[in-house]
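Since the structure comes first, as structure tokens, the remarks are kept for the end.
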Number of protein chains: 2
Amino acid sequence: MENKKLSIAILDDHPLIIEGLSTLFSNHEEFDLLGGFNKSEDLYSFEEIDKIDVLLLDIFFGDNNGIDICFELKKKYPKMIILGISSQSERSIVLQLIKQGASGYLLKTAKNEEYIHCIKEAAKGKMVFSKEVQVMLDKIQLSDLKSIPRLTKREKEILALLIKGKSTQEISEELFLSFLTIQTHRRNLLQKFDVKNSLELINFANENGLLNDAHFSNSF
Amino acid sequence: MENKKLSIAILDDHPLIIEGLSTLFSNHEEFDLLGGFNKSEDLYSFEEIDKIDVLLLDIFFGDNNGIDICFELKKKYPKMIILGISSQSERSIVLQLIKQGASGYLLKTAKNEEYIHCIKEAAKGKMVFSKEVQVMLDKIQLSDLKSIPRLTKREKEILALLIKGKSTQEISEELFLSFLTIQTHRRNLLQKFDVKNSLELINFANENGLLNDAHFSNSF
DNA sequence: TAAAAATTACCTGATTTCAGGTATTCAATT
DNA sequence: AATTGAATACCTGAAATCAGGTAATTTTTA
């Protein structure tokens, strides 16, 4: 009984990456590249979308981000194996993607053989990561143990200004509050985050994606 | 009199991109791809380095950042035409690269024909940008006035530690330097970035993508 | 080899942050 | 009505940062 070829598709807004992957797959008989797409709409309207075994999905993707796309696809095609590809390996992003049902995450800096190997393994149902990503995931981060503290409205407001580099004096003027009040809030922030100075505070907020605009507009 | 072929080289730590560009150039007779390199050392030790007409240079680059590499190369090989390639189009980075002597900036999202066209134009001595970049450059921004300062090795090292939230004392212990020396470096950093405190410094570094691991990992 | 740039280091004094405490007012919840 | 949590504000003293200066040594570049 012969092995069926693995049907691959790519969604990436970098034509060069698609070109590179095409060449790669054309040199490996065990893969069948169904198509490479620059836009998510092109993939969605692809008539053979249900035949895709493995989808390589770019994470930093034009306007839609890959994480949302992964979520959508997994809902409609639960059997589709999705591998994130990206040039950055931000911990929080990798974890988020896995939560959305992806089977792994490959860096674009990975070697060709690594791609071939990982895709095969993923097709078998395994969770795969390219080397660098694996190393990164193995490091248990402080932020994994520390839970993100719950902040009050004022504290979030002050944190946002702090991150902009405003001093206590400036913040107090901007919010029409006493200098001493801001000092208290700052101290409470340092305590809540369990850090020893403002730089560490920002660093922590940064690691946990609290610096992104998204967090400040909605979730607070 | 026949036109000589354009000699191209690529420096990019993404094998897939090199693969894609190779395929692209092999389909266009007017180009001669001398080599694709993953590491800057490989390029520096390339024996035909002085024959390169056009170098495609990745900007967010593993060990050294592309801007520094561009600066180095232009100094040694002033005639070499360097085009930045990247998946992000951060305004300040593009401008910085141009200041270092690059002849243009292409997004990895650009179409194949755009690549071909831009490389040809650049070889003629023109300044070229892929579409999106051009649109972005046309918008005049406040942040243009501030350029990203050129940092020394030590300064980058200290900035990296600062960003991690380390205090002057901690940094001095980690680098086996005097507390007072670190103070001097900190002051110089604030001056170079034209900011008034460390939080603003980090904020500025963040906005300009200097926080990315790429900049800091091995480059010192 | 001379000049320029980088690295190291010190001094002083002003300003800001950090850490500990307390305390009043207001709003929401029980 | 009593309690809790949030927001406000003050005090003190220690610690760290910031801003100005100078200067010797080493490395890199011209």
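Lettering of chains follows the sequences in order, A, B, ..., and the numbering in each one begins at 1. All values below were derived from every heavy atom in this structure, side-chain atoms included, with hydrogens, water molecules and symmetry-related copies excluded.
- OP1 or OP2 of dT8(D) lies within a sub-4.0 Å distance of a side-chain N or O belonging to H185(A).
- Cation-pi geometry between K108(B) and Y115(B) is not satisfied (NZ or CZ under 6.0 Å from the ring centre, within 45° of the ring normal).
- For the residue pair E19(B) / N112(A), a side-chain donor-acceptor distance below 3.5 Å is found, with atom types taken as modelled.
- Here dA7(D) presents its P atom at 11 Å from CG of L177(A), a figure rounded to the nearest Å.
- In this structure, CZ of F176(A) is placed 18 Å from P of dA7(D), rounded to the nearest angstrom.
- Side-chain atoms of R154(A) lie closest to dT8(D) of the nucleotides dT8(D), dC10(D), dC10(C).
- No salt bridge links E114(B) with K111(B); every basic N to acidic carboxylate O contact stays at or beyond 4.0 Å.
- The ring of F129(A) has its center no closer than 6.0 angstrom to the ring center of Y105(A).
- Here dT8(C) presents its P atom at 7 Å from CD1 of I182(B), a figure rounded to the nearest Å.
- Between the side chain of S178(A) and the backbone N or O of L180(A), at least one donor-acceptor pair lies under 3.5 Å.
- K192(A) has its NZ atom 8 Å from the P atom of dA7(D), to the nearest Å.
- Summarising the geometry, the separation between CD on E155(A) and C1' on dA6(D) is reported as 9 Å, rounded to the nearest angstrom.
- Contact annotation: T181(A) does not reach the phosphate of dT8(D) (side-chain N/O to OP1 or OP2, under 4.0 Å).
- Note: NZ (K156(B)) to C1' (dA6(C)) measures 13 Å, nearest angstrom.
- Spacing between atom CD of E157(A) and atom P of dA6(D) amounts to 15 Å, rounded to whole angstrom units.
- Here the C1' atom of nucleotide dG5(D) and the CG atom of N188(A) are 12 Å apart, to the nearest Å.
- A donor-acceptor pair under 3.5 Å links the side-chain atoms of K74(A) to the main chain of M80(A), judged by distance alone.
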Does the protein touch nucleotides 13-22 of chain C at the base, only the backbone, or not at all? Give it as B, S and - per nucleotide, heavy atoms under 4.0 Å.
----BBBBB-
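- Under the 4.0 Å criterion applied to side-chain N and carboxylate O atoms, K5(B) and E30(B) are not assigned as salt-bridge partners.
- Of the two residues near DNA chain D, L162(B) and K75(B), the one whose nearest nucleotide lies more 5' is L162(B).
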